[in-house]
Amino acid sequence: MKFDLQHTDSASWARAGVITTDHGTIETPIFMPVGTVASVKAVHFHELKEDIEAQIILGNTYHLYLRPGLEILEQAGGLHKFNGWNRPILTDSGGYQVFSLSANRKLKEEGAHFRSHIDGSKHLFTPENVVDIQRIIGADIMMAFDECTPGDAPYAYAKTSMELTHRWLARGLQHFDTTEDKYGYSQTFFPIVQGCVYPDLRRQSAEFIASQQREGNAIGGLAVGEPAEKMYEMIEVVNEILPSDKPRYLMGVGTPENILEGIERGVDMFDCVMPTRNGRNGMLFTSEGIMNMRNEKWKNDFSPLDPNGTSYVDYSYTRAYLRHLFISKELLAMQIASIHNLAFYLWLVKEARRHILAGDFVSWKKEMLTRVSRRL
RNA sequence: GGGCAGUUACCAAAGUGGCCAACUGGGGCUGACUGUAACUCAGCUGUCUUUCGACUUCGGAGGUUCGAAUCCUUCACUGCCCA
């Protein structure tokens, strides 16, 4: 993997760059649709490529390991061959499941003991075997196994948790560096900064992560219950330390507003379930603001979903029709909303990139911010 | 014409003397969702009130009772059966 930093904004920390992988290039800043179980829910790859213009998608180690399982993935020749997505794939390590499935796991020094949410069976994730699993999945970018600390964790817990993540990182890297790419193309490995909402911990973690000198670095443990302002503050603290010649990936973020704020602070990569999950639940993110498509007010609004929308669903379907589909629980509603939201997210980062290169990012971002966060 | 059963909120349907403004579904309205256990979850759904609470309701009218959606009389309507 290679990262070329093309331009850094003169009035902010915003950057434009290009990541090159063996499965193609990624223009940053980028938003990466989440495809947890080898599928971006409700969206075909054809739409993902042609209409949404996604350049890279996510998969999830924990979920893919449980289903379909490593044997199938290995037989298929890796995830790209299994699901037919021939562009880059990034896999989350399962660190987020340590957080979201916390009732079903126990953390120990060796790793995380899990109970499958599917059948209750017992499993152990270690920094080492999570590397092996991601090798077998065939991720272009693999993530370190970390503990995603809750946003409201007390200082002492956040510190202990961060230190565990650091020790796990050392083990994961050691294992990564002594194992080989599984399918002939290059696989890289990103470490993850933790430290919760505490600036000194974040600094300490960023220093440690930066010192590993990997091809890219991630910021984890944000947008997990802390106020947005705290998140922005932590991004600033961390990005001051993380190397500027490597891509910075803010994990699991976020709203269009969060993404604009992140870009302004020097983040290059984002992923989030919001455009797809919230889309399936009736929420549309548009260039004019946020709409709950189930609301009665769209009942007889026969205007396009988003007058500035870039995907075909925006001018093929009206608000009144999409509302009808949601109210009727039609599957098409989820498909339309997912396509629209993802296309909007990809449009947003593409525009951000364009304005960074043009040198007017800050004024554009300010204007865009007032529009995208509005409630329609 | 006779017999039997029934009529409860937007719909369906519990409730058969006080714990009932009335269970539960559905429908409707609103909200939540951030490295996806999520086509999920939560709240509201008689009127007024921010809350407390007050008021008006269970086909219509009248009655019994301290007290009625619940008991009685009568009327209306619906369904089934017999002529």
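Chain A is the first sequence line, chain B the second, and so forth, proteins listed ahead of strands; every chain is numbered from 1. Only this structure's heavy atoms are used, side chains among them; waters, hydrogens and symmetry mates stay out. What you see is a predicted model; the values in this text were computed from it and never measured.
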Next on the checklist: As a test of understanding, state which of A/Asp306, A/Ile290, A/Leu322 forms a side-chain contact (heavy atoms from CB on, under 4.5 Å) with A/Leu284.
Outcome noted: A/Leu322

Checklist entry - Which of these, A/Val253, A/Ile235, A/Leu222, A/Leu250, sits in a side-chain contact (heavy atoms from CB on, under 4.5 Å) with A/Asn258? => result A/Val253

Gap in Å between the two [atom1] atoms, one belonging to [N] and one to [M], rounded:
N      : M      : atom1 : result
B/rA61 : B/rA22 : C1'   : 23 Å
B/rC48 : B/rG1  : P     : 46 Å
B/rC71 : B/rU65 : C1'   : 9 Å
B/rC33 : B/rU40 : C1'   : 9 Å
B/rU70 : B/rC58 : C1'   : 10 Å
B/rA37 : B/rG31 : C1'   : 22 Å
B/rC82 : B/rC11 : P     : 32 Å
B/rA69 : B/rG62 : P     : 15 Å

Suppose we define a pair by two distances each less than 3.5 Å, Watson-Crick or G-U wobble; what does [N] pair with here?
N      : result
B/rC66 : B/rG18
B/rC23 : none
B/rU74 : B/rG60
B/rC80 : B/rG3
B/rC29 : B/rG43

Ring pair (Phe, Tyr, Trp, His ring centres under 6.0 Å) against [X], all qualifying residues, sequence neighbours excluded:
X        : result
A/Tyr62  : A/Phe114, A/His117
A/His123 : A/Tyr65
A/Phe326 : none

With sequence neighbours left out, what residues match [X] under salt bridge (Lys or Arg N to Asp or Glu O under 4.0 Å)?
X        : value
A/Asp152 : none
A/Glu109 : A/Arg167
A/Glu74  : A/Lys182

Give the rounded distance in Å between these two atoms: [atom1] of [X] and [atom2] of [N].
X        : N      : atom1 : atom2 : value
A/Met283 : B/rG31 : CE    : P     : 9 Å
A/Ile137 : B/rG35 : CD1   : C1'   : 14 Å
A/Tyr96  : B/rG35 : OH    : P     : 5 Å
A/Leu101 : B/rG35 : CG    : P     : 13 Å
A/Leu58  : B/rU36 : CG    : P     : 7 Å
A/Lys297 : B/rU30 : NZ    : C1'   : 10 Å
A/Glu147 : B/rG35 : CD    : C1'   : 14 Å
A/Arg277 : B/rC39 : CZ    : C1'   : 12 Å

Checklist entry - Between A/Arg135 and A/Asp181, does at least one N-O distance fall below 4.0 Å, as a salt bridge requires? => result yes

Checklist entry - Hey, is CZ on A/Arg67 packed in by over 12 heavy atoms from elsewhere, all under 6.0 Å? => result no

How would you label the contact of [X] with the nucleic acid (heavy atoms, under 4.0 Å): base, sugar-phosphate, or nothing?
X        : result
A/Met143 : nothing
A/Arg375 : sugar-phosphate
A/Leu90  : nothing
A/Asn104 : base
A/Asn281 : base
A/Gly221 : base

Go through [range] and report each residue with a non-hydrogen atom lying under 4.0 Å from RNA chain B, sorted by number.
range                       : value
residues 110-132 of chain A : A/His117
residues 250-260 of chain A : A/Met251, A/Gly252, A/Val253, A/Gly254, A/Thr255, A/Asn258
residues 311-347 of chain A : A/Arg323, A/Ile327, A/Lys329, A/Leu331, A/Met334

According to a strict under-4.0 Å criterion, is [X] in side-chain N/O contact with OP1 or OP2 of [N]?
X        : N      : value
A/Asn278 : B/rA38 : no
A/Gln97  : B/rU36 : yes
A/Arg280 : B/rU40 : no
A/Ser100 : B/rA37 : yes

Checklist entry - If you look only at pairs with a residue in residues 271-281 of chain A, which of them pass as a side chain to side chain donor-acceptor pair (under 3.5 Å), with sequence neighbours excluded? => result A/Tyr249-A/Asp271

Checklist entry - Looking at the side chain of A/Glu296, which of B/rA37, B/rU30, B/rU34 is the nearest nucleotide? => result B/rU30

Item to check | No-hydrogen, no-angle side-chain donor-acceptor test under 3.5 Å, A/Asn217 and A/Gln212 | outcome: no

Checklist entry - So, A/Ser12 and A/Glu264: side-chain donor and acceptor under 3.5 Å apart, yes or no? => result no

Checklist entry - What class does the angle between the rings of A/Tyr317 and A/Tyr321 fall in, given that below 30° is parallel, 30 to 60° is tilted and above 60° is perpendicular? => result parallel

Find every protein N or O atom lying less than 3.5 Å from an N or O atom of nucleotides 41-47 of chain B, and list the pairs.
none

Item to check | Side-chain donor/acceptor of A/Asp146 to base of B/rG35, under 3.5 Å | outcome: yes

Checklist entry - Among A/Glu261, A/His355, A/Glu351, whose side-chain hydrogen bond (donor to acceptor under 3.5 Å, both in side chains) with A/Lys365 holds? => result A/Glu261

Item to check | Evaluation steps, ring pair (Phe, Tyr, Trp, His ring centres under 6.0 Å), between A/Phe285 and A/Phe344 | outcome: CA-CA 7 Å; A/Phe285 297 95; A/Phe344 171 68; 7.3 Å; no

Item to check | Pairs meeting criterion ring pair (Phe, Tyr, Trp, His ring centres under 6.0 Å) with involvement of residues 168-187 of chain A, two or more places apart | outcome: A/His23-A/Tyr185, A/His80-A/Tyr185, A/Phe145-A/Trp168, A/Phe176-A/Phe189

